[in-house]
Amino acid sequence: MIYSEFIMDYSKLKKFVGKIENATKVEEGKNLSCGDEVTLYLLLDGNRIVDAKFEGHGCTISQASTNVMIEQIIGKTKEEALELLRNAENMILGKEFNEKLLGPILNFYDVKNYPMRVKCFLLPWKTLEMALK
Amino acid sequence: MIYSEFIMDYSKLKKFVGKIENATKVEEGKNLSCGDEVTLYLLLDGNRIVDAKFEGHGCTISQASTNVMIEQIIGKTKEEALELLRNAENMILGKEFNEKLLGPILNFYDVKNYPMRVKCFLLPWKTLEMALK
Amino acid sequence: MRSGVWSDKEWECIKSEIPVLDRTVNGKRLVYLDNAASTLKAKSVIDKMADFYLYHYSNIHRAVHTLASEATMAYEQAREKIGRFLNAQLGEVVFTSGTTMGINLLVNSFVRSGLLREGDVVLLTQVEHHANLVPWLRASKFHGFRIEYIQADEKGVILKEAIEKATSVKPKVVSITAQSNVTGQELPLNFVREAFPNAILIIDGAQLIPHKKIDVKALDIDFLVFSAHKMLGPTGVGVLYGKRELLERMEPFLYGGEMIDRVTFEDATFNVPPYKFEAGTPHIAGVVGFGYTLELLENLDLEKIEKQVEILSRYLIDSLSRLDFLELYGPLDDSHRSLVSFNVQGVHPHDVSHVLDQMFGVATRSGHHCAQPLMSILKRGSKIDFPNSTVRASVYFYNTFDDIDTLVEGLKFVRKMFSE
Amino acid sequence: MRSGVWSDKEWECIKSEIPVLDRTVNGKRLVYLDNAASTLKAKSVIDKMADFYLYHYSNIHRAVHTLASEATMAYEQAREKIGRFLNAQLGEVVFTSGTTMGINLLVNSFVRSGLLREGDVVLLTQVEHHANLVPWLRASKFHGFRIEYIQADEKGVILKEAIEKATSVKPKVVSITAQSNVTGQELPLNFVREAFPNAILIIDGAQLIPHKKIDVKALDIDFLVFSAHKMLGPTGVGVLYGKRELLERMEPFLYGGEMIDRVTFEDATFNVPPYKFEAGTPHIAGVVGFGYTLELLENLDLEKIEKQVEILSRYLIDSLSRLDFLELYGPLDDSHRSLVSFNVQGVHPHDVSHVLDQMFGVATRSGHHCAQPLMSILKRGSKIDFPNSTVRASVYFYNTFDDIDTLVEGLKFVRKMFSE
Ligand SMILES: Cc1ncc(COP(=O)(O)O)c(C=O)c1O
Ligand SMILES: Cc1ncc(COP(=O)(O)O)c(C=O)c1O
């Protein structure tokens with residue numbers, strides 16, 4: 001089952017929920033097939049992500065994935081965040097990836113066996129990708 | 001085989017080929033699936049078909065069917081021709097029909113076993129139906 | 001526990017026809033409650049289709065050889081069966097690739113034929129599937145006709161008063177579903193016909209026809225569309241019924257082979273209906289297979305199928321109504337058929353469906369069910385934090401009370417799991 | 001006698017794949033020479049499709065349950081296979097119901113997107129199938145763009161000079177067949193691309209792709225359409241390849257479920273390609289089956305298939321050329337592939353086909369082959385009393401020299417029978 005304690009806990013995290021009023025970047029992402037939506041707020045200092053928050057609704061997987069992603073990218077440079085993104089995508093699509101880099105994101109490893117939930121996991125990451133482009 | 005001597009002979013008949021200049025009724029019929037065409041000329045005296053001819057091209061079955069039809073309808077009233085038509089159609093569609101009425105048209109009885117050729121047989125009859133409507 | 005209309009013998013037959021019912025999913029017996037999206041398939045139908053493909057197949061209509069005759073006869077026999085089923089003439093039965101295609105055909109053909117012009121009004125309901133909404137919406141942008149809606153109430157229900165009220169917009173075309181794929185409501189088609197005696201009436205039969213016959217003459221319907229795959233049939237096949245006189249006046253939708261009369265380098269004229277609307281090589285095996293499907297359904301007895309779906313629907317609604325952590329949508333009365341949409345308080349529909357599948361082998365559907373605007377209506381009426389989507393459970397004649405009991409058990413588990 | 005590229009083992013495999021080849025028709029061994037209309041079907045493909053239907057089927061894309069996952073993966077794997085086959089990206093492979101639908105999609109979408117406007121020129125050839133002619137003709141009547149033709153010569157052949165000459169009309173869109181289904185000519189696609197470097201180039205691959213791969217990137221094709229049923233695949237499935245950037249700019253053709261992004265009661269926005277062009281429940285089993293088909297063809301080896309069809313075509317042309325009572329159409333040189341159209345002097349094509357079928361078990365096609373205007377060109381060049389139609393014999397990789405010898409024997413009989 002993909003509903004591990006880790007994922008259940010992270011799905012309920014409230015720490016990263018909210019707006020950043022002076023955000024450098026605001027990006028909306030959505031999952032067409034289920035109506036899940038996320039608005040990602042990024043505060044950049046030069047090349048570095050110094051804060052991030054989100055609003056929106058979604059399933060356990062997308063909520064947990066968003067929280068873990070935000071936790072991981074805060075403090076990283078754009079390039080580092082994109083590197084993380086590439087590895088997270090590769091993991092979920094069953095391709096090769098760097099385990100060490102992903103850290104707690106590895107808790108989503110099993111989701112790759114549920115193709116219909118892959119989109120839920122990817123929702124925040126795809127939104128991040130658009131935000132950093 | 002549907003190519004009996006009767007049908008082969010009738011397909012080559014030239015007697016009814018041509019125009020009737022003072023025709024009461026001229027009707028064009030065609031078979032969409034093969035490009036066969038027939039133009040039917042009818043000369044009516046009141047209610048009675050006193051002469052008929054045709055122009056056009058087509059396969060052995062449609063040519064023979066046209067010749068036999070014209071031979072049979074000359075001299076008949078509209079109602080008699082339509083009665084013949086109904087029986088010819090019924091014969092070819094595998095329904096009940098009056099054998100006595102049909103006479104030489106019975107030579108086409110086998111055509112009903114070849115659904116793709118039923119249209120060829122029916123071409124002149126469908127044209128007659130339109131002409132008499 | 002089976003219960004319902006089937007005798008032991010009939011039930012044996014049904015079980016052997018739907019072999020996937022013996023399959024396990026994640027170690028559990030498969031409980032398939034996603035029939036409104038698409039039904040399971042029957043062995044005798046698939047076997048006959050395979051036989052057709054392998055031993056009697058060829059392209060149709062245009063050749064005189066033996067295989068072509070066999071294939072053409074099989075294809076046209078399917079048309080005959082469907083004509084009898086709907087009480088329609090042969091020239092009124094057009095094969096399409098599905099409901100969606102059928103409605104797109106009508107919208108485009110109406111515009112091209114001048115049957116819909118700037119200023120005309122098309123009346124829909126607020127519960128339409130995207131298939132009966134988006135084609136009209138987009139064409140209205142391009143061609144300037146207007147769209148009005150019969151309003152749904154907060155539970156997504158279309159009341160007779162709302163239908164009556166809509167008569168004031170004087171629609172030229174009324175296009176409505178016979179049964180909503182979200183609320184399960186069967187719409188009062190007779191009442192609609194009487195309310196709009198002069199409008200062109202289009203019925204989306206995708207949800208209703210699989211379990212309840214529609215007689216196009218008795219209801220005086222102008223057009224009816226539905227899909228084979230929602231009634232045991234193959235994918236890629238649908239039917240468009242149209243009144244002969246209307247079909248004759250209409251410009252075709254797709255152009256190509258077999259639908260023409262005469263073609264030159266300058267223009268073309270067209271064949272008669274239904275051929276005029278069947279351009280190109282059709283889905284021959286699918287149409288033939290749909291004919292076999294209808295035969296099977298008729299042998300099982302359409303009235304028994306209707307009855308069984310009714311019994312199961314009732315049991316489903318009653319069972320779910322007893323769960324106080326659910327919010328149910330739709331009328332829930334006798335007009336409510338074959339499917340129920342609901343939410344588990346505080347749990348996202350995807351999570352509900354996922355756990356039901358993984359832990360109980362129960363297949364349900366979660367999402368907006370191709371009816372996004374209706375979701376915003378349900379949200380308004382919702383007493384919970386509505387997630388813009390619902391879970392939907394839907395039955396067909398091969399389901400059982402057991403299936404529904406398993407669903408209930410699963411939902412209780414879900415509730416518990418997510419409230420810890 | 002078999003001959004050609006197949007080893008004994010390969011031939012055994014082919015024979016067991018196409019069981020109808022063992023069938024007798026009117027007491028004779030079936031000789032199927034109607035492949036250009038539609039090919040026979042393969043046992044392993046049909047078996048796998050049946051297995052899919054009965055054990056792994058459900059609707060796709062929108063649900064999280066196990067069957068839906070299995071079905072969606074199977075469907076998208078087929079897209080991957082076809083993408084590799086064409087050298088295209090996944091987002092560039094759109095599933096349609098066939099070639100005819102693919103071209104209608106393009107014509108309508110171009111008009112809606114403003115890619116085709118009043119005054120624009122669309123260039124076709126005079127040998128197009130109705131599928132690549134009538135949609136343009138009718139849309140030009142409604143929307144005021146112009147149609148010009150690359151001229152065919154008296155034998156129905158498109159010469160390079162004719163292509164060059166047509167550059168003067170400055171077409172916005174060039175839509176041409178890769179191989180004529182009447183003359184058998186393979187058109188010089190590279191030459192066409194070079195002659196019209198800035199035009200939107202659409203290729204009708206219905207006849208060529210079954211026996212010769214097309215690399216969309218190498219040829220720099222903008223759109224390519226073809227049908228599965230002409231290459232061993234199921235009915236009701238086709239492919240539209242389109243360059244991503246063009247697909248992105250285009251308004252959809254069919255509207256409905258799964259192709260949308262956001263829908264309100266006022267308007268809708270759309271999903272990304274290819275989904276934006278796949279409205280409603282697609283022909284899931286057909287697409288999956290087409291994936292299996294491609295796998296089978298690739299296992300047999302596409303290059304060998306191409307070679308075998310070439311060898312058989314040569315033998316067919318040479319054999320028929322030796323019969324002095326025939327009139328043959330098309331180039332008859334190395335550009336002439338897979339099919340030959342002809343007439344028996346003084347005998348109507350229907351009679352020729354009928355007798356071949358009844359007396360020799362040979363399936364050929366007679367008629368205008370959905371290319372009526374081309375018939376008038378062939379008539380002009382004809383030395384006989386041209387019956388506005390032809391007989392067509394067409395081969396695929398499972399045919400043999402024996403098949404062609406039987407055809408020749410049959411034609412001699414026909415000639416004799418009708419000249420008595
Ligand atoms: C060259 C060509 N284009 C288009 C078509 C139409 O294909 P379909 O009938 O599968 O849509 C055909 C086949 O009949 C063809 O030969
Ligand atoms: C009410 C209704 N209309 C239309 C459709 C669309 O049917 P299809 O996807 O078969 O075209 C559906 C099914 O999804 C439906 O439930």
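Any value given below was found using the heavy atoms of this structure, including those in side chains, with hydrogens, waters and symmetry copies removed. Sequence lines set the chain letters: A, B, ... in the order given, protein chains first and strands last, and positions in each chain run from 1.
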Tell me the closest heavy-atom pair linking [X] and [Y], and the distance in Å.
{"X": "D:Ala268", "Y": "C:Val134", "value": "CB-CG1, 3.8 Å"}
{"X": "C:Thr235", "Y": "D:Pro282", "value": "CB-O, 3.9 Å"}
{"X": "D:Leu254", "Y": "C:Phe253", "value": "CD2-CZ, 3.7 Å"}

Against chain D, label [X] side chain, backbone, both or neither, depending on which of its atoms sit under 4.5 Å from a heavy atom there.
{"X": "C:Asp22", "result": "neither"}
{"X": "C:Val25", "result": "side chain"}
{"X": "C:Pro19", "result": "both"}
{"X": "C:Thr39", "result": "backbone"}
{"X": "C:His129", "result": "side chain"}
{"X": "C:Ile60", "result": "backbone"}
{"X": "C:Thr364", "result": "backbone"}
{"X": "C:Asn26", "result": "side chain"}
{"X": "C:Leu30", "result": "side chain"}
{"X": "C:Phe52", "result": "neither"}
{"X": "C:Ile147", "result": "neither"}
{"X": "C:Glu251", "result": "side chain"}
{"X": "C:Lys141", "result": "side chain"}

Tell me, side chain or backbone of [X] under 4.5 Å from chain C's heavy atoms, or both, or neither?
{"X": "D:Asn108", "value": "side chain"}
{"X": "D:Ala68", "value": "side chain"}
{"X": "D:His369", "value": "neither"}
{"X": "D:Glu70", "value": "side chain"}
{"X": "D:Phe142", "value": "side chain"}
{"X": "D:Ile284", "value": "both"}
{"X": "D:Tyr149", "value": "side chain"}

Going by atom types alone, do [X] and [Y] pair a side-chain donor with an acceptor below 3.5 Å?
{"X": "C:Asp34", "Y": "D:Ser58", "result": "no"}
{"X": "C:Tyr255", "Y": "D:Thr100", "result": "no"}
{"X": "C:Tyr57", "Y": "D:Ser38", "result": "yes"}

Under 4.5 Å, counting heavy-atom pairs only, tell me which of [options] racks up the most with chain C.
{"options": "D:Asn104, D:Leu133, D:Val20", "answer": "D:Asn104"}
{"options": "D:His354, D:Arg138, D:Gln372, D:Glu266", "answer": "D:Arg138"}
{"options": "D:Pro135, D:Ser376, D:Ala131", "answer": "D:Pro135"}
{"options": "D:Gly98, D:Pro252, D:Ala139, D:Gly257", "answer": "D:Gly257"}

Where the side chain of [X] meets the backbone of [Y], is there a donor-acceptor pair that is under 3.5 Å apart?
{"X": "C:Ser353", "Y": "D:Val64", "answer": "no"}
{"X": "D:Tyr53", "Y": "C:Lys43", "answer": "no"}
{"X": "C:Arg23", "Y": "D:Tyr55", "answer": "yes"}

Roughly how far apart are [X] [atom1] and [Y] [atom2], rounded to 0.5 Å?
{"X": "D:Asp357", "Y": "C:Thr66", "atom1": "CG", "atom2": "OG1", "result": "3.0 Å"}
{"X": "D:Ile46", "Y": "C:Asp47", "atom1": "CD1", "atom2": "CG", "result": "12.0 Å"}
{"X": "D:Leu54", "Y": "C:Lys41", "atom1": "CG", "atom2": "NZ", "result": "10.0 Å"}

Practice task
Check whether any side-chain heavy atom of D:Val263 lies under 4.5 Å from a side-chain heavy atom of C:Pro373, and answer yes or no.
Solution key: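 Yes, at least one pair of side-chain atoms sits under 4.5 Å.
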Exercise for the section: For the residue pair D:Leu40 and C:Leu67, establish whether any side-chain heavy-atom pair is separated by less than 4.5 Å. Expected result: yes
Can you tell which of [options] has the highest number of heavy-atom pairs within less than 4.5 Å of chain D?
{"options": "C:Lys230, C:Gln358, C:Met49, C:His229", "answer": "C:His229"}
{"options": "C:Met259, C:Gln126, C:Arg365", "answer": "C:Arg365"}
{"options": "C:Gly286, C:Pro234, C:Ser227, C:Gly238", "answer": "C:Pro234"}
{"options": "C:Val287, C:Ile260, C:Val107", "answer": "C:Ile260"}

Exercise for the section: Could you tell me how the ring of D:His65 sits relative to the ring of C:Tyr32: parallel (under 30°), tilted (30 to 60°) or perpendicular (over 60°)? Expected result: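 Ring orientation, 0 to 90° scale: perpendicular.
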Practice task
Test side-chain contact (heavy atoms from CB on, under 4.5 Å) on C:Phe265 and D:Leu374 and set out the steps.
Solution key: CA-CA 9 Å; C:Phe265 287 125; D:Leu374 177 55; 5.6 Å; no
